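Written out below as structure tokens is the structure these notes cover.
Everything numeric in this text was worked out from a predicted model, so none of it was measured.
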Amino acid sequence: MEEYEIKWQQKWEEQKLYDAEPDDRKKFFVTFPYPYVNGSLHMGHAFTGSRCDAFARYKRMRGCNVLFPFAFHATGEPIVGASKRVKAGEEKQWKQYRGEGLSNEEIKSFEDPRNIVTHYRALSTELAKQMGFGVDWRRSFTTIDPQYNKFIEWQYLRLKEMGYIVQGTHPVIYCSKCDSPTGDHDRLRGEGVSPVEFVLLKFRAGDSYLMPGTLRPETVFGVTNMWVHPNATYVKARVGSEKWIISKDTVEKLRNQLTDVEVLEEFPGKELIGKTSTNPLTGSEVMNLPAAFVDPCGVTGVVMSVPAHAPLDYLALKDIQDNPELIAGYGIDPVLLRKITPISLIRVDGMGEFPAIEVSRELGVSDQNDPKAEEATKLVYKKEFHTGVLKDNTGKYAGMPVRDCKEKLTDEFIAGGRADKMWEPEDFVQCRCTNRCIVKILENQWFLKYGDESWKEKARAALKKLVLYPEDYRAQMEYSIEWVQDKACTRKSGMGTRLPWDKEWLIETLSDSTAYMAYYILAKYIYSEGISADQLTPDFFDHVLGGNGSAEEVAVKTGINKELLLQMRSDFGYWYGVDFRNSGKDLISNHLIFFIFHHVALWDDEKKWPHGIGLNGFLTSDGEKMSKSKGNVVILSDVLRKYGPDAIRLNLLYAAEGTADPDWQSRQAEAMRGWIKKFMELAPIQSAERELSPIDKWMLSKTQRRVSVATDAYEATAFRTAISQGFFELMNDYKWYRQRCEGNAIVDRYVVGVLAKILAPVMPHASEEVWSKLGNEGSIFNASWPAVEEDGVDRVAELAEGVVRTTSEDVQSIIELTKSAPKRVFVYVSPEWKRVAWHLAKQAGDAKQVIPDIMADDSVKSQGKAAASYGQWLAKNLHVLGDVISQEEESSALQNAVGFFSKSFGSEFVVLPADKAEYDPAGKAGKALPMKPAIYVE
RNA sequence: GCAGGGGUACCAAAGCUCGGCUAAAUGGGCAGGACUUAAGAUCCUGUGGUUUAGUGCCUUCGUGGGUUCGAAUCCCUCCCCCUGCACCA
């Protein structure tokens with residue numbers, strides 16, 4: 001970090017610049033999703049935080065009273081998990097902490113998870129300060145503070161009263177070893193896998209049912225045999241009033257799904273082989289055959305074989321038919337075995353009778369152990385599901401498309417007692433503890449009723465009213481509100497707030513982060529006044545956040561000073577309603593819509609609803625996704641040391657805007673420091689004051705234009721555009737200006753002041769430094785935003801300077817091409833009649849009309865042949881004709897620049913009117929065009 | 001699979017809503033030059049091809065078609081990438 005950066009951070013803190021209190025100004029409330037403190041702030045936080053801070057600072061300079069608080073999230077499992085790993089002495093965890101520079105003693109203290117929270121809270125606070133985030137730290141808290149817990153309790157009590165919290169059951173992917181649901185990032189394998197319901201078909205076998213599980217119940221019409229694993233253990237078990245034959249592993253799974261199961265006998269799989277059972281739909285007898293691919297832990301460990309439509313079944317059948325020695329010893333009649341032939345039941349356009357056989361051959365799958373077998377299975381399944389139609393041998397379902405009949409058929413099978421259901425992960429899932437996950441049906445789980453239509457309706461209304469930065473995300477937000485269903489909001493383990501009416505449950509981590517922005521308003525008082533959790537009763541929150549009850553009564557009940565209560569209530573009335581909440585686009589379908597749902601439920605007053613939501617993409621690093629395995633994770637504290645906050649902020653905010661994913665380019669960060677240095681060297685102003693010249697006016701006009709564009713960009717949080725226009729382009733304009741003249745203190749002071757202000761939201765330290773070097777008292781953040789004057793843009797000055805610039809470039813390129821030092825340079829400014837014709841041509845609009853229209857003018861017509869050929873040129877270039885200025889304006893612009901031209905070409909420079917040129921040895925004058933004088937280099 | 005968003009030159013990224021001033025802003029990188037004993041910093045120039053007194057032409061904006069006098073920009077097909085699909089922060 002640079003010295004000036006440290007200096008200003010100290011000054012801001014001393015001045016209490018960010019301590020926000022209500023006043024007459026319009027308020028603007030910015031919030032950043034509190035970071036989870038199992039680590040310190042990372043680059044993603046830095047990006048989102050920079051957006052929040054830049055917008056907060058911008059709004060402040062626009063005259064708003066800005067509140068930007070910051071807190072820390074500690075609810076949930078990961079911190080407790082890390083703590084447990086420390087306690088268990090897990091080397092990896094210890095190593096990680098040691099790598100962060102922690103002493104053994106400190107790491108040991110992490111056996112209490114609260115110490116992890118304290119540690120990273122302090123670290124993150126420090127980093128946020130170093131980033132220059134203008135935060136009101138008096139309002140900071142963590143979600144495991146007992147006072148915060150009280151706030152959450154109040155919220156959930158209110159939601160329950162409204163009927164928005166209900167109890168129910170639901171299936172989750174579960175690790176029975178950890179005794180807890182296994183979330184995506186707790187998995188070694190199977191990310192994104194969810195529970196699906198398998199259909200179990202009841203094949204009668206003596207007094208029992210053999211129970212194959214399938215996702216394709218329609219294929220029951222094509223079963224030719226049954227597969228069991230010869231080496232696995234199977235059981236006969238009482239399930240309800242029935243007896244099922246299933247793998248032993250299935251028993252535990254069923255018990256986790258609220259099914260009453262009692263094992264009656266246990267036997268090896270090979271005892272089943274050769275026996276038969278009866279198809280519940282077709283009545284045919286099918287034999288049990290051995291197959292290695294059968295997974296005893298998968299569904300029921302019994303698989304029905306449909307060789308016509310399942311490549312694996314076909315391959316396994318072929319294997320044993322071709323190699324009878326494989327089933328020697330099972331006492332299977334080889335004649336019967338050979339008689340087994342595929343039964344086709346689905347018709348697929350463009351495929352033969354047996355898609356499984358066809359695809360297996362096409363892909364060249366050799367046998368059931370071939371890894372390509374899975375690919376073949378998926379292919380067939382997809383094709384049949386989307387385009388398949390059931391054939392005549394499927395009874396009443398004949399003629400129905402596969403995709404439509406599935407649900408109906410399943411329901412009817414179950415209703416008819418021919419089938420049952422069972423949950424199973426749709427793919428293999430392995431817990432971090434290496435255990436294989438199952439599906440458990442959780443009982444008495446509490447749900448937030450996001451599926452409730454009236455609640456949704458309010459959420460929709462709130463979404464319509466709020467501003468999205470950028471609006472591009474609206475469709476997705478709308479979709480998410482429609483999509484969201486009742487959501488389980490409690491868990492059994494981790495840290496957080498207990499459900500007030502059912503203390504064995506903890507409020508789950510996303511569910512406690514929905515309306516906490518309200519708590520920021522109170523936090524300042526709660527912590528500074530030493531209010532205890534006991535005092536924070538529901539009455540208290542009802543009063544200060546809901547305006548219910550009298551302050552007197554609540555004061556008596558809670559022991560909190562009445563004046564203080566009134567103060568909090570009035571603060572809440574002033575501040576509340578989040579004006580800008582920025583987060584990553586990944587949080588749309590959960591956090592951000594929950595944020596809306598909870599606000600509309602808790603407050604009837606629409607002013608308290610969210611007013612604005614900002615969204616941004618994901619930060620990549622030098623074009624690649626940041627990940628530990630790639631080793632390209634950029635550590636915030638490292639880059640802070642290396643580049644300092646201004647360069648980081650500039651680089652991050654310039655990286656992307658809108659929906660795009662920003663890319664952190666380290667080389668670019670390095671270059672940004674150069675730009676900042678260049679900017680800082682502009683102050684103090686060295687030049688003297690003088691009267692405004694044309695080039696001064698041009699500079700002022702350009703500045704006005706940039707301010708206007710940058711301001712619009714800031715309003716839309718389009719920081720990249722703001723930086724591009726307000727910094728790089730304006731700096732380039734200014735560079736040109738200083739090449740053209742010595743500078744003018746009036747202009748210089750204005751331009752540098754504007755630069756400082758436009759950049760202040762992005763690079764507050766450098767801007768503050770420049771601002772003070774310009775001789776200003778007080779912080780730039782108490783200064784007003786540069787005004788956009790109505791007549792600030794001087795069109796003629798800009799066009800005239802454009803001529804100077806292109807002329808300069810043109811002469812330069814001629815000199816380079818001829819490779820000789822010029823003695824004298826002549827430019828011929830095109831005559832007025834060409835400008836008249838230009839206007840007329842533009843008015844004509846139609847190429848065919850150009851010549852007749854311009855010839856109707858006498859001043860043009862009198863030019864004869866020259867007018868005709870010029871007319872042809874105009875007609876050809878009709879669509880590219882821009883604005884022109886008069887001959888006099890163009891001449892005087894060039895004349896004013898004579899000194900500049902002479903200096904840069906090292907030769908005499910003469911401006912002549914093309915129509916009255918006294919000297920034109922090369923006959924160039926006639927070629928002059930408006931805005932493009934003819935040039936003769938001698 | 002479903003939903004939302006995207007594919008522009010060496011990298012990043014504007015432009016595409018209102019088709020022509022777009023061979024395509026801007027930042028980075030790279031190359032050449034100036035300055036310097038040298039390096040760095042700074043400044044200038046270049047950065048699709050070819051051509052030229054400031055120009056013209058050709059080929060380019062994921063792919064393949066279409067509309068149009070004219071398309072990065074409008075329409076259709078296909079391919080690829082990112083994000084989410086929940087009980088997890």
Side-chain angles (χ1 to χ4, degrees), chain A residues 33 35-36 38 73 75-79 170-173 181-187 191-192 194 382 385-386 442 445 447-448 450 472-480 482-491 494 508-511 513 584-591 594 617-618 620 622-623 625 650-651 654-672 674-675 677-678 720-721 723-725 727-729 732 735 739 806-819 827 847 877-883 922 924 927 932-937:
Chain A
Y36 192 71
N38 61 342
H73 197 203
T75 307
E77 312 254 354
I79 292 174
H170 80 133
V172 289
I173 302 285
T182 313
D184 255 357
H185 42 251
D186 292 328
R187 299 179 190 175
E191 242 182 84
S194 14
K382 211 166 138 183
F385 181 76
H386 288 106
L442 293 180
Q445 170 66 272
F447 290 86
L448 282 159
Y450 293 139
D472 309 49
Y473 286 106
R474 188 167 291 278
Q476 174 127 29
M477 293 278 302
E478 282 166 353
Y479 175 81
S480 295
E482 300 315 314
W483 159 86
V484 72
Q485 286 307 316
D486 294 359
K487 178 189 178 291
C489 63
T490 52
R491 273 190 87 114
E508 172 277 332
T509 145
L510 281 169
S511 306
S513 310
K585 61 182 174 185
D586 54 326
L587 292 182
I588 290 177
S589 64
N590 47 47
H591 171 70
F594 301 165
F618 286 139
T620 55
D622 288 315
K625 215 170 167 177
L650 181 60
N651 198 34
Y654 186 66
E657 68 190 20
T659 60
D661 290 333
D663 186 39
W664 171 267
Q665 300 195 322
S666 33
R667 296 180 115 161
Q668 185 122 345
E670 192 61 52
M672 289 301 184
W675 278 97
K677 200 175 150 218
K678 237 189 280 184
R720 184 180 217 279
T721 302
I723 292 165
S724 175
Q725 291 288 320
F727 191 30
F728 297 124
E729 299 277 13
N732 287 343
K735 189 165 85 183
Q739 275 171 32
T806 52
T807 304
S808 164
E809 285 163 7
D810 288 350
V811 173
Q812 203 71 53
S813 69
I814 291 170
I815 292 172
E816 270 163 37
L817 279 164
T818 56
K819 291 192 178 101
V827 297
N877 294 287
L878 190 59
H879 51 269
V880 296
L881 298 180
D883 286 351
K924 295 279 183 192
K927 287 190 173 175
K932 199 166 176 63
I935 298 163
Y936 173 58
V937 178

Query - Under 3.5 Å donor-acceptor, A/D661 side chain and A/G617 backbone - result: no
Report summary line: Residues passing the ring pair (Phe, Tyr, Trp, His ring centres under 6.0 Å) test with A/Y473, sequence neighbours excluded, are none
Query raised in the report: Taking OH from A/Y473 and P from B/G6, how many angstroms apart are they, rounded to a whole number?
Result: 9 Å
Requested in this report: Have a look at A/Q739 and say if it touches a base, only the backbone sugar-phosphate, or nothing, with a 4.0 Å heavy-atom cut-off.
Outcome: sugar-phosphate
Report summary line: If pairing means Watson-Crick or G-U wobble with both distances under 3.5 Å, then the partner of B/G4 is B/C82
Query - Rounded C1' spacing from B/G64 to B/C30 in Å - result: 34 Å
Query - Euclidean distance for C1', B/C16 against B/A24 (whole angstrom) - result: 12 Å
Query raised in the report: Can any side-chain N or O of A/Y479 pair as donor or acceptor with the backbone N or O of A/S589 at less than 3.5 Å?
Result: no
Query - P gap between B/C35 and B/G40, integer Å - result: 16 Å
**Report entry** B/C69: pairing nucleotide in any strand, Watson-Crick or G-U under 3.5 angstrom
**Finding:** B/G20
Report summary line: As its Watson-Crick or G-U partner within any shown strand, both distances under 3.5 Å, B/C10 has B/G28
**Report entry** Presence of A/K927 side-chain N/O under 4.0 Å of B/U55 phosphate oxygens OP1/OP2
**Finding:** no
Query raised in the report: Could you state the CG-C1' distance from A/D472 to B/U17, rounded to the nearest angstrom?
Result: 11 Å
Report task. Just call it for A/V937: base, sugar-phosphate, or nothing, with non-hydrogen atoms closer than 4.0 Å on any strand. Result -> base
Query raised in the report: What residues form a ring pair (Phe, Tyr, Trp, His ring centres under 6.0 Å) with A/Y936, not counting sequence neighbours?
Result: none
Query raised in the report: Starting at CD1 of A/I814 and ending at P of B/A53, how long is that distance when rounded to a whole Å?
Result: 10 Å
Query raised in the report: Using atom C1' of each nucleotide, how far apart are B/A23 and B/A9 to the nearest Å?
Result: 9 Å
Query raised in the report: What string of B, S and - do you get for nucleotides 19-30 of chain B, 5' to 3', when a contact is any protein heavy atom under 4.0 Å?
Result: -SS---SBBSSS
Report task. Select base, sugar-phosphate, or nothing to describe what A/E77 touches, counting heavy atoms under 4.0 Å on all strands. Result -> sugar-phosphate
Query - Pair A/Y654 + A/F727: ring centers closer than 6.0 Å - result: no
**Report entry** Side-chain donor or acceptor of A/N651 paired with backbone N/O of A/Q665 under 3.5 Å
**Finding:** yes
Report summary line: When rounded to whole Å, the NZ to P distance for the pair A/K585 and B/C85 reads 13 Å
Scan nucleotides 71-75 of chain B against the protein and return all N/O pairs shorter than 3.5 Å with their distances rounded to 0.1 Å.
none

Report task. Round to a whole Å and report the spacing from CD of A/E478 to P of B/A3. Result -> 15 Å
Report task. Write down the partner of B/U42 under the Watson-Crick or G-U wobble criteria, each distance required to be under 3.5 Å. Result -> B/A34
**Report entry** Whole-angstrom distance between B/A71 and B/G66, as gauged at atom C1'
**Finding:** 12 Å
**Report entry** Touch class at under 4.0 angstrom, heavy-atom based, for A/A655 against every strand present
**Finding:** sugar-phosphate
Report task. Figure out the CD/C1' separation between A/E816 and B/U52, and round it to whole Å. Result -> 14 Å
Query - Given B/G84, B/U52, B/G4, the nucleotide with the shortest approach to the side chain of A/D586 - result: B/G84
Report task. Quick one: label A/P933 by what it contacts on the DNA or RNA (base, sugar-phosphate, nothing), any heavy atom closer than 4.0 Å. Result -> base
Query raised in the report: Whom does B/U63 pair with, Watson-Crick or G-U wobble, provided both distances fall under 3.5 Å?
Result: none
Query - Between C1' of B/G70 and CG of A/N877, the distance in whole Å - result: 14 Å
Report task. Please answer whether the main-chain N or O of A/L510 pairs with a side-chain N or O of A/E508 as donor and acceptor at a distance below 3.5 Å. Result -> yes
Requested in this report: Would you indicate which nucleotide in B/U83, B/U52, B/A86 comes nearest to any side-chain atom of A/S194?
Outcome: B/A86
Query - Distance, P atom - from B/C10 to B/G49, rounded to whole angstrom - result: 10 Å
**Report entry** Span that lies between the C1' atom of B/C44 and that of B/C81, in whole angstrom
**Finding:** 40 Å
Requested in this report: Would you indicate what A/I588 reaches in the nucleic acid, counting non-hydrogen atoms under 4.0 angstrom: base, sugar-phosphate, or nothing?
Outcome: nothing
Report summary line: Side-chain contact check for A/A475: nearest option of B/A41, B/G4, B/A3 is B/G4
For residues 807-815 of chain A, please give each side-chain donor-acceptor pair under 3.5 Å, one per line with the distance, not counting sequence neighbours.
unit_1	atom_1	unit_2	atom_2	d
A/T807	OG1	A/V803	O	2.6
A/D810	OD2	A/K932	NZ	3.0
A/S813	OG	A/D810	O	2.9

Query raised in the report: Do A/T620 side-chain atoms and A/W664 backbone N/O form a donor-acceptor pair below 3.5 Å?
Result: no
Query raised in the report: Which part of the nucleic acid, if any, lies within contact of A/K932, taking any heavy atom under 4.0 Å across all strands shown: a base, the sugar-phosphate backbone alone, or nothing?
Result: base
Report task. Would you classify A/D661 as touching base, sugar-phosphate or nothing, given that sugar-phosphate means primed atoms plus P, OP1 and OP2, and contacts are heavy atoms under 4.0 Å? Result -> sugar-phosphate
Query raised in the report: So what does A/H170 touch, heavy atoms closer than 4.0 Å: a base, only the sugar-phosphate, or nothing?
Result: base
Requested in this report: Mind checking A/F618 for me? I need base, sugar-phosphate or nothing, with any heavy atom below 4.0 Å counting as a touch.
Outcome: sugar-phosphate
Query raised in the report: Excluding sequence neighbours, so at least two apart, what forms ring pair (Phe, Tyr, Trp, His ring centres under 6.0 Å) with A/Y450?
Result: A/W455, A/F594, A/F597, A/H598
Report task. Taking atom C1' in both B/G32 and B/U83, compute the distance separating them and give it to the nearest angstrom. Result -> 44 Å
Query raised in the report: With nearest nucleotides of RNA chain B determined for A/V484 and A/S813 from heavy-atom distances, which residue corresponds to the more 5′ nucleotide?
Result: A/S813
**Report entry** B/C43 phosphate, OP1 or OP2, under 4.0 Å from A/K735 side-chain N/O
**Finding:** no
Report summary line: Shortest non-hydrogen pair, A/S511 vs A/K487, comes out as OG-NZ, 3.4 Å
Query raised in the report: Given that A/A656 and A/E809 both sit by RNA chain B, which one's nearest nucleotide is further toward the 5' end?
Result: A/A656
Report summary line: Looking only at heavy atoms, the pair that brings A/Q725 and A/E729 closest together is O-CB, 3.7 Å
**Report entry** A/Q445 side-chain N/O to A/T490 backbone N/O, donor-acceptor pair under 3.5 Å
**Finding:** yes
Report task. Send over the distance from A/N590 CG to B/A86 C1', rounded to a whole Å. Result -> 7 Å
